[in-house]
Amino acid sequence: MSETRLRFPPSPTGYLHIGGARTALYNWLYAKQTGGKLILRIEDTDTDRSTAESIDGIVEGLQWLGIDFDEGPYFQTAFAADHVAAADRLVASGHAYKCFCSKEELESKREAALAAKKPLGYDRSCRNLSASEVAAREAAGLPSVVRFKVPDRPGSLGYDDKILGRIEAAYAEIDDFVIVRSNGLPLYLLCNVVDDIRDRITHIIRGQDHMTNTLKQVLLYEALGAPLPVFAHMPLTLDTKKAKISKRSHGEIVAVQFYRDNGFLPWALNNYLALLGWSAGNDREFYDREELIREFSLERINKSSAIFNYRKDDPKFITDPKILFFNEHYLRTMPVEELAPLVAGELQAAGLWDEAYDGARRQWYLDTLALIRDRFHTLKDFTSLGRAYFADDFAVDSKPLEKNVLKFPDLVTWLPMLADRYEKLAEFTLESTEQVARELAAELAVKPGVLINAMRTLTTGQLAGPSMFDIVVTLGRDKVVARLRDVAKFF
RNA sequence: GUCCCCAUCGUCUAGCCAGGUUCAGGACAUCGGCCUUUCACGCCGACAACACCGGUUCGAAUCCGGUUGGGGACGCCA
C-alpha cells in the first residue's frame with residue numbers, strides 16, 4: 001500500500017481555534033500512526049479576508065502544540081493556474097458550463113424561493129444554452145461564472161465515510177454549483193479538490209460542516225478522473241448553547257494562543273482535544289504522545305458533536321474544567337526535568353530567572369519545582385503564587401496575614417526569637433528546624449500551628465503551601481531568618 | 001422551507017455493530033468525609049443519564065419505524 005498523505009488546510013481568516021486544532025491533531029495522529037505525511041496548506045483564495053498575521057498565528061499555534069507537518073506550508077493562491085486549467089478542462093469536456101445569470105437575478109430568485117418555502121437551488125436556466133447563445137452573450141459583454149453540470153441521472157451518488165458510514169444523496173438534490181467566479185477565479189470546492197489531487201491526498205479528515213460539500217466534490221473527482229480519497233467527517237465542537245464556537249462570540253478562550261499565553265502545557269491541550277470526540281473504547285484518559293498515536297483510530301471517532309464546556313460566569317474556571325484538570329495532572333506528574341525549561345521561560349519573562357538555576361543551583365531549582373508544583377494550576381502560578389521562592393519582593397496576602405499573623409500580636413516577639421534560634425542552629429535540616437519550632441511553641445505554651453502558620457505566611461506570603469519545614473529548608477536559613485525578623489513591619 | 005447528520009449523567013464518554021452478565025461503568029465538575037498545624041494531592045462516599053412513542057423479541061440503552069429535539073448544508077466564503 002502506498003503511503004498515506006493527509007492535509008490540514010486552514011483558511012487564514014482568523015486565529016487557530018480549538019476546533020481547528022482538533023482537526024489538525026486528528027490528521028496528525030493518523031498520519032503518524034500510518035507512517036504517512038501531513039501537509040499544511042493555507043487556503044488563501046479568499047483574498048479579501050486572508051491576512052499574513054493569521055497565517056503566522058496558525059503556524060505558531062500548531063508549532064506550540066507540537067503538531068509538525070512534513071510538507072508545506074503550501075499556499076493555495078500559488079496554484080491558481082492549476083485551478084483555472086482544471087475549470088477549463090471541465091468546460092471543454094462538457095462537465096461544466098457558463099452561466100450568465102446576474103447576482104441580482106439569483107438573489108431575487110432565492111428570496112422568492114425562500115418566501116414560497118421552496119428549495120433554494122439554482123434553476124439551471126443557463127444549463128442548456130446553445131453554443132450560439134453563449135457566443136451572443138459573450139459578445140454582448142455579459143459576465144459569466146462557470147457552473148458544474150450535475151449529471152442528469154436517476155438514483156443517487158455517495159461515498160463511504162469512515163466515521164459516518166455511507167452518505168448518499170439523489171443527483172436531483174444537488175445543485176449546479178459555481179466553480180469559477182465571474183472574475184475568473186476558481187472557488188474553494190474546485191481548488192480544494194484540484195490541490196488534494198495534486199498533493200496526492202489519500203485521507204481527508206475534516207469537520208462535519210463539509211459533509212454536503214463532499215457530495216459535490218465526489219462529482220468533481222469523478223469528472224477530473226481522479227480516484228476518491230478516504231473521507232472522515234468528524235463531529236463539530238460547539239459551545240454550551242450548541243452554537244459554533246467563534247472568536248466573535250466567545251473571545252480568546254477558544255484560541256490556541258490563549259492557552260499558550262496563560263501557562264498551559266501543550267500536551268494537556270492535545271490530550272483534552274483528542275478525547276473530545278474520540279475514545280479508545282475504555283476508560284483511559286491519559287496518553288503520552290506515542291500511546292495516543294498508537295491507539296488512535298478513525299473508526300472510533302464519535303458521530304455526535306461535542307461541547308466545549310467553558311463557563312465564563314465562574315472565575316474559578318478560566319476555561320473548560322477538563323482542560324484545567326489535564327493541565328494540573330501533567331503539571332505535577334511530568335518529569336521535573338521537562339517542566340524545568342517551561343518554568344524557566346516564565347521566570348525569565350518575569351525577570352526572576354537566575355543563570356545558576358542551569359548551573360550550580362540546578363538541583364535546588366528542580367527540587368523546588370517538585371515541591372511547589374502540586375498546588376499550581378498553570379505555569380503562570382510559578383511566578384505569582386510561587387514568587388517567594390525566586391524573589392524577595394513577594395506580596396503577602398491580606399487573608400493569611402489577618403488570620404495567621406495579626407490575630408496573634410505576640411508573634412512580633414516570638415518569630416524573632418525563632419529566627420535567633422535558627423541562626424544558631426548547627427545543622428539546618430528538616431528535623432532540626434521542626435524540633436526547634438516545636439520546642440519554642442512548648443515553651444511559649446502555644447500550639448505549634450500558631451507558629452507554623454505564621455511562618456508560612458511570612459516566608460511565602462501565602463495561606464497554603466507545602467509542608468512548612470520543607471519550605472524552610474528549601475528557602476534556606478538566610479531568607480527564613482530575615483523574613484521572620486521582618487514580622488514587625490506588619491504590625 | 002429542502003436535503004443530510006446526530007441523540008446515554010450538567011460536561012467528556014464506555015456499553016450499542018454480534019439484544020440477556022447493566023435497576024447502565026469511568027472521568028470532569030458539584031457536595032460530603034478521611035488525611036493534613038495550612039492548602040493541595042491522594043483516598044472513600046454522594047448526587048446525576050439510556051429524549052419520547054410504538055414495533056420485533058421470552059427479553060431492548062442495544063434491532064426497526066415514527067415523533068420530538070439539536071446540529072450542518074443549501075454563497076460568485078472557506
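Quick caveat: nothing in here was measured; it's all calculated off a predicted structure. The chains referred to below are lettered A, B, ... by the order of the sequence lines, with proteins before strands, and numbering in each begins at 1.
The base-pairing partner of U62(B), taking Watson-Crick or G-U wobble contacts with both distances under 3.5 Å, does not exist among the strands shown. The partner of C74(B) is G1(B), judged by Watson-Crick or G-U wobble contacts that both fall below 3.5 Å. Both distances falling under 3.5 Å, in either a Watson-Crick or a G-U wobble arrangement, occur for no nucleotide opposite A18(B). Pairing of U67(B), defined by two Watson-Crick or G-U wobble distances under 3.5 Å, is identified with A51(B). The base-pairing partner of G42(B), taking Watson-Crick or G-U wobble contacts with both distances under 3.5 Å, is C34(B).
Residue K316(A) is classed as a sugar-phosphate contact, given heavy-atom separations below 4.0 Å to backbone atoms only. Contact annotation for P448(A): no contact, since no heavy-atom pair falls under 4.0 Å across all strands. Looking at heavy-atom distances under 4.0 Å, H210(A) makes contact with a base. In this structure, G207(A) reaches neither bases nor backbone, as no heavy-atom distance under 4.0 Å exists between it and the strands shown. Within 4.0 Å of K303(A), counting heavy atoms only, lie sugar-phosphate atoms of the nucleic acid but no base atom. Note on G465(A): a base of the nucleic acid sits closer than 4.0 angstrom, heavy atoms only. Note on A306(A): only backbone sugar-phosphate atoms sit closer than 4.0 angstrom, heavy atoms only; bases stay farther off. Using a 4.0 Å heavy-atom cutoff across all strands shown, T45(A) reaches sugar-phosphate atoms only and no base atom. Residue L187(A) is in sugar-phosphate contact alone, with no base atom involved, counting any heavy-atom pair closer than 4.0 Å across all strands shown. If you check every strand for non-hydrogen atoms under 4.0 Å, S304(A) touches sugar and phosphate atoms only. Across all strands shown, F286(A) has no heavy atoms under 4.0 Å from either base or sugar-phosphate atoms. Among the heavy atoms of the strands lying under 4.0 Å from V145(A) is at least one base atom, whether or not backbone atoms are also near.
With P as the reference atom, G15(B) and U57(B) are 28 Å apart, rounded to whole Å. When the P atom is used for both A29(B) and A24(B), the distance is 24 Å, rounded to whole Å. Here, G25(B) and U36(B) have their P atoms 32 Å apart, quoted to the whole Å.
Under the 6.0 Å cut-off for aromatic ring centres, Y330(A) and F325(A) do not qualify, their centroids lying 6.0 Å or more apart. Side-chain rings of F69(A) and F8(A) stay apart, their centers remaining 6.0 Å or farther from each other. F326(A) has its ring centre no less than 6.0 Å from the ring centre of F264(A). Remark: aromatic rings of W267(A) and Y259(A) are distant, center separation not under 6.0 Å.
In this structure, K149(A) and L219(A) have side chains that are not in contact, with every pair of non-hydrogen atoms separated by 4.5 Å or more.
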| request: Could you give me the CA-CA distance, side-chain angles and deciding distance for V405(A) and V487(A), then say whether side chain to side chain contact (heavy atoms under 4.5 Å, CB included) is met? | output: CA-CA 9 Å; V405(A) 182; V487(A) 61; 4.3 Å; yes
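Taking 4.0 Å as the cutoff to heavy atoms of chain A, we find the contact window on RNA chain B bounded by G1(B) to A78(B).
The side chain to side chain contact (heavy atoms under 4.5 Å, CB included) with F308(A) is formed by just one residue from the set V254(A), L238(A), L273(A); it is V254(A). A salt bridge (Lys or Arg N to Asp or Glu O under 4.0 Å) with D176(A) is found for exactly one of K98(A), R127(A), K216(A), namely R127(A).
Between N309(A) and F325(A), the residue whose closest nucleotide on RNA chain B is further toward the 5' end is N309(A).
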